[in-house]
Structure formats: structure tokens, C-alpha cells
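Not measured: the values here are computed from a predicted model. Heads up: numbering here begins at 1 and tracks the sequence. Below, each value reflects all heavy atoms present in this structure, side chains not excepted, and no hydrogens, waters or symmetry copies.
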Amino acid sequence: MRIKDCILAIDQGTTSTRAIIFAPDSSIIAVAQQEFTQHYPNDGWVEHNPEDIWTSTIVVCRQAISEAIAKGARIAAIGVTNQRETTVVWDRNTGQAIYNAIVWQDRRTAKTCREMQDKGLFDVVNSRTGLLLDPYFSASKVAWILDNVEGAREKAEAGDLAFGTIDSFLIWRLTDGQMHATDVTNASRTNLFNIHDMAWDPKLLEVFNVPKSVLPQVKECADDFGHTTEDLFGFSLPILGVAGDQQAASIGQCCFNEGAIKSTYGTGCFVMLNTGTKAFHSKNKLLTTVAYTIKGETHYALEGSIFIAGAAIQWLRDGLGVIKSASETEALAKSLDDDHGVYMVPAFAGLGAPHWAPDARGAVFGLTRGTTNAHFVRAALESVCYQTSDLLHAMAEDGVSLDKIRVDGGMVGNNWLCQFLAGILDVTVERPKIMETTALGAAYLAGLKAGIYESCEQLASMNEVENSFDAKMPSSQRRKLIAGWENAVQSTLGYTK
């Protein structure tokens, strides 16, 4: 039986690339995934080889397409979602990157950002972008590449170089250089885009010393991003949807109404609150960002960014050998009656919101001779929940109140984590039936542009909750646990001073 109007979602993440093909009813037809190498050339530096990203993308797309076609599927369009802020600069003539991709976690420009802050440039950047002066964002990474690769700045001034976040790099390659474009959500994470004017900002380009010639065209999230060349997949496909991973997850969770909130647990953790058609300025170091632009209407979001979530579990697996697989973590956490005072502050790439301490480094507190692998695992899982609590506390101080939060990402398949999260946050945690919400959001965008879906309201009517976790933790226990966490964070911050 032939399945019409399927959508290929490319989900290019920090540690792996996935291709998922969705049927119009959002059921999954085919999935392929491939991890790729992380590079750490210096303390606080994180890089990817752009060719690894490109190769893994083509491999998983071909695998998923082959499987879907064997099942009778007809693919109508492509949606792309990507790790945000990660920066690539490539030669327009050859399509080859002139340096490795500098990953969003990278801290090499922390000194530069501090110097800019000392010069009084914070308000210039914050008022236009809704972001902070932090190495997390793309602008200082672009400038670093142009200043540190021989001849790069001269080539950029001559118009021979192109900058892009990963979506732009993939679109360029998929269209054989016919399209140099990004969408509003990825543009809003660069520190070069004015989220009020919805355009690249000349003053910010001057501040960061980034030439306009390297910038991509900025489009809506559901838009025409060109067609793939026939040689890649045997036929050409239109690219009709693009969004950064966290905005895509919010779309996949159908957070279209003002006040809707989701939290995604992947490599990092990102809480995003839809604030409607007006940009909301946080007084507590949360980010104001573009949630999406669809059919001419822009929604904004308030966002809290945690740099390390699932990456802490990956470190326990690959770095320490504490576990062989992430699937072991639920049973290990449940094997303990409590955490026995062990806290992990996973500041491997600094601390994000609301602390924004790029020089902080990871720490574990409360170790005794009785500490086991299970304690390390539980501390890592709990740290994700505590960091989320920090974000929601900051939102509460900004006047936001909520009684439930939608979660997604690979970590939330862990029931113990979801239940502990509900207890620490003192809210109901809702887990969706379809866990691949990031890829689903990209598919929804492509489907809207292709006419497969009529509206966001239609998409919302399709959204299903798989499980809900109600807060059951006594308030006295919650206060005690959070107090221990706050003490651990302050100790970590004190160590860096």
C-alpha cells in the first residue's frame, strides 16, 4: 500500500545525525542514525569536522529513504532541524569549510566576550538580539575563524566565504551551492540578528567585526529552501521547513499558544516558553528568542539554556566507563533509596542560564567510600532536574507561573527521571506519545509549506500525551534537596574565582 505525502526530517544533532521519515499522521515510517566524532583540541574547545556532519547526513538519509520506499512510501519534502549556534565558514567556490565547525558548547571566545562586556557593549547586543554576550552564540565564533585562519578575513571581504549555522551548511551542500539561506530561529541565535526588525543588524556586524558578505538569506521557518540535487537520493526533493532544534521541538510539541512551555533533554537541556507575538525581556538572564515565523506571523519565546544534560550520561559511559549504555541509568537510579548527599554539577562547558559562568568547570560533591556507580548515575540524572528547577525559578521571578511542562528528548524515556523532575519542579510533567519531537517539528514545518497540513491548529489537534507524572515529593524533601544543590553550585562557582 502506497503511503503518500511522507516527509523526511533531517535532525542534525550535537553527537549524532538522524533521518526520520514521517507519514502525514505523524507516525514514523523509517529511522536511521549515526554518531560522529567530537573533537576537543584545547581546554573548553569543542569542534566537529563538517565533513563528518555532511557524510553522516547523507548516509542516514539514504538509509531511511531506502527503508521507506521499500514500505511503499512516497516522500514529498524535507524538513531540517539542527544543533543551533554551531558555526561553519566555508569557501563559496569549493564548498569546503576553512576550519572545523565550532560547536555551541565551545568556550574559546570567553575572554573576547568579557572584553566586549567591559567596553559597555552588553546593552547594544542584548537590546537587539535578546541574547547575552557569551561564547555560546555564533558571532564571536565567526570572528575567531576569520581572525585565526590565514587569509580568511581577506577572502571574506572579497565575497569568497560563506558563514552558516549547520542548517545553512547542509542546505548549501544539498542544493549544490544554489541556496545560501537560514531561517529566523537559527538567525536569532547568532548575536548578529535583530529580532525586532527581523533582519541582520549593521551595528552588530560592526561590533563583532563580521562582514555582511558572509551572511545567509533569512527565511521563514516554513519556506522554500531550494531542491536537493538528483544525484544525492536518486530524485530531487524540495526543502520546505527549517528550525533550530529547540524551536523545532517546541513546534513538534505544538506549543503554538502563548504560555505553552516545553523542556527538551538531549545533549543539553532547553526550556522554551511561547510568549506570543511580543518579545518578553527577562530580568533574570533568560534569553529572548524567536520561536518561529509561520505564514508571516512571528512568535517569540523565553528560553533557558543548560549546556550539559544527556552529555553527562555520555561522559559516564565514554569517559569513566561507569555504564555501558544509557538504558542502564533508570535501574541504577532506582536501586538507591536516596542520593546520599552526592551532587554533580556538570559544568563541563561552563554553566548556562541563569548563572552564565563560562569558566566554571564540573564538580562532584559528597563522595564517601560508600559511593558507587549508581550514585554517580543518580547524581547526573538529578543534576538535570535541578538545573531545570533553576530555570523555572528564574521564570517565576520574571512573573511566569505554570502547573505543567511538556518534555521530550532521549533522556525522558527514563520514568525515574520524569518522576523526580515532577517532584523537584512541583508541576505535572507530560511526555508525548511521539518522542522524536525535534524531528517532528521540522516535518510539521515542511508539511505546512507543502500543503500537507492546513494550519497550526490542525497540528495541535494531532498532539497526544503518552504519560503524565504528577508531583508527589513532600515540600520539605524538595527544599532540602534544592538547598544541597544550591550549595554545590555556589561551591563550584567559588572554585572558579
(message) Donor-acceptor check, side chain of Thr275 to backbone of Tyr300, threshold 3.5 angstrom: yes or no?
(response) yes

(request) Sort out for me which residue in Tyr40, Trp144, Tyr99 forms a ring-ring contact (aromatic ring centres under 6.0 Å, His included) with Trp45. (result) Trp144

(message) Looking at Thr57, is its backbone amide N or carbonyl O close enough to the side chain of Gln34 to form a donor-acceptor pair, meaning the two atoms are under 3.5 Å apart?
(response) no

(message) Looking at every heavy atom in both Ile313 and Ala326, which two are closest together, and how far apart are they?
(response) CG2-CB, 4.0 Å

(request) Ignoring hydrogens and angles, tell me if any N or O in the side chain of Ser250 forms a donor-acceptor pair with the backbone of Gln247 under 3.5 Å. (result) no

(request) Decide yes or no for Leu481 and Asp339: does some side-chain heavy atom of the first lie under 4.5 Å from some side-chain heavy atom of the second? (result) yes

(message) Under the ring-ring contact (aromatic ring centres under 6.0 Å, His included) test against Trp90, which residue among Phe163, Trp172, Trp54 passes?
(response) Trp172

(request) Would you give the length of the straight line joining atom CG of Leu391 to atom CE of Met272, rounded to the nearest 0.5 angstrom? (result) 12.0 Å

(message) Working to the nearest 0.5 angstrom, can you tell me the gap between Leu302 CG and Leu286 CG?
(response) 5.0 Å

(message) Which residues pass the side chain to side chain contact (heavy atoms under 4.5 Å, CB included) test with Ala64, not counting sequence neighbours?
(response) Ala19, Ile21, Ala30, Ala32

(message) Using every non-hydrogen atom in the two residues, find where Val290 and Thr293 come nearest and quote the distance to one decimal.
(response) CG1-OG1, 4.4 Å

(message) Test your reading of the model: is there a side-chain donor-acceptor pair from Asp398 to the backbone of Ser282, 3.5 Å cut-off?
(response) no

(request) Identify the two heavy atoms, one from Met344 and one from Ala312, that lie closest to each other, and give their separation to 0.1 Å. (result) SD-CB, 4.5 Å

(request) Answer yes when Asp106 and Lys141 have at least one side-chain N-carboxylate O distance shorter than 4.0 Å, and no when they do not. (result) no

(message) Taking the basic N atoms (NZ, or NE/NH1/NH2) and the acidic carboxylate oxygens, is any pair closer than 4.0 Å for Asp134 and Arg107?
(response) yes

(message) We want to know whether Ser16 and Gln33 form a side-chain donor-acceptor pair, criterion being a heavy-atom distance below 3.5 angstrom.
(response) yes

(message) Please tell me whether Thr81 and Asp11 have a donor and an acceptor in their side chains that are separated by less than 3.5 angstrom.
(response) no

(request) Assert yes or no for the condition that the ring centre distance of Phe22 to Tyr444 is strictly below 6.0 Å. (result) no

(message) Is the shortest side-chain heavy-atom distance between Thr388 and Ile424 below 4.5 Å?
(response) no

(request) Measure the shortest side-chain to side-chain distance between Leu205 and Leu215 over non-hydrogen atoms and say whether it is less than 4.5 angstrom. (result) yes

(request) Report yes or no: do Glu430 and Thr428 form a side-chain donor-acceptor pair below 3.5 Å? (result) no

(message) Any salt bridge linking Arg114 with Asp359? Criterion: basic side-chain nitrogen under 4.0 Å from a carboxylate oxygen.
(response) yes

(message) Is it the case that the side chains of Gln12 and Thr17 hold a donor-acceptor pair, with the cut-off being a distance below 3.5 Å and no angle test?
(response) yes

(request) Kindly give the heavy-atom pair with the smallest separation between Pro432 and Asp408, and that separation in Å. (result) CG-CB, 4.5 Å

(request) Check whether any side-chain N or O of Arg84 sits under 3.5 Å from a backbone N or O of Thr185 as a donor-acceptor pair, and report yes or no. (result) no

(message) Can you tell whether the side chains of Arg173 and Glu51 come within less than 4.0 Å, N to carboxylate O?
(response) yes

(request) Please work out which of the three classes, parallel, tilted or perpendicular, describes the rings of Tyr343 and Trp485, given edges at 30° and 60°. (result) tilted

(message) Looking at every heavy atom in both Tyr265 and Ser263, which two are closest together, and how far apart are they?
(response) OH-OG, 3.0 Å

(message) Using only atom types and a distance under 3.5 Å, with no angle test, would you say the side chain of His281 pairs donor to acceptor with the backbone of Thr288?
(response) no

(request) Taking atom NE2 of His355 as the centre, report whether more than 12 heavy atoms of other residues, nucleotides or ligands fall under 6.0 Å from it. (result) yes

(request) May I ask you to decide if the ring planes of Phe137 and Trp356 are parallel, tilted or perpendicular, using 30° and 60° as cut-offs? (result) tilted

(request) Report yes if the side chains of Leu332 and Phe376 come closer than 4.5 Å at any heavy-atom pair, otherwise no. (result) no

(message) Between Asp201 and Lys203 (salt bridge meaning N to carboxylate O under 4.0 Å), is one present in this structure?
(response) no

(message) Minimum heavy-atom separation for Ala301 and Ala291, please, with both atom names.
(response) CB-CB, 3.9 Å

(message) Can a side-chain donor-acceptor contact be found between Asn126 and Asp123 if the only test is distance below 3.5 angstrom?
(response) no

(request) Quick one: pull up SG in Cys418 and CZ in Phe469 and give me the separation to the nearest 0.5 Å. (result) 4.5 Å

(message) Taking Arg153 first and then Asp147, would you say they form a salt bridge - that is, a charged N and a carboxylate O separated by under 4.0 Å?
(response) yes

(request) Anything under 30° is parallel, anything over 60° is perpendicular, the rest tilted; go ahead and classify Phe193 against Trp200. (result) perpendicular

(message) Are there over 12 heavy-atom neighbours, none belonging to Gln96, within less than 6.0 Å of that residue's CD?
(response) yes

(message) Between Thr267 and Gln83, is there a side-chain heavy-atom distance shorter than 4.5 Å?
(response) no

(request) Look at the side chain of Ser389 and the backbone N and O of Cys385, then say whether any donor-acceptor pair between them is shorter than 3.5 Å. (result) no

(request) Determine whether the side chains of Asn186 and Ser168 contain a donor N or O and an acceptor N or O closer than 3.5 Å. (result) no

(message) Going by ring-ring contact (aromatic ring centres under 6.0 Å, His included), name the residues that satisfy it together with Phe280, two or more places apart in sequence or in a different chain.
(response) none

(request) Taking the side chain as every heavy atom from C-beta outward, state whether Tyr292 and Val184 have any atom pair closer than 4.5 Å. (result) no

(message) Could you tell me if Arg189 and Ser138 have a donor-acceptor pair between their side chains, going purely by distance under 3.5 Å?
(response) no

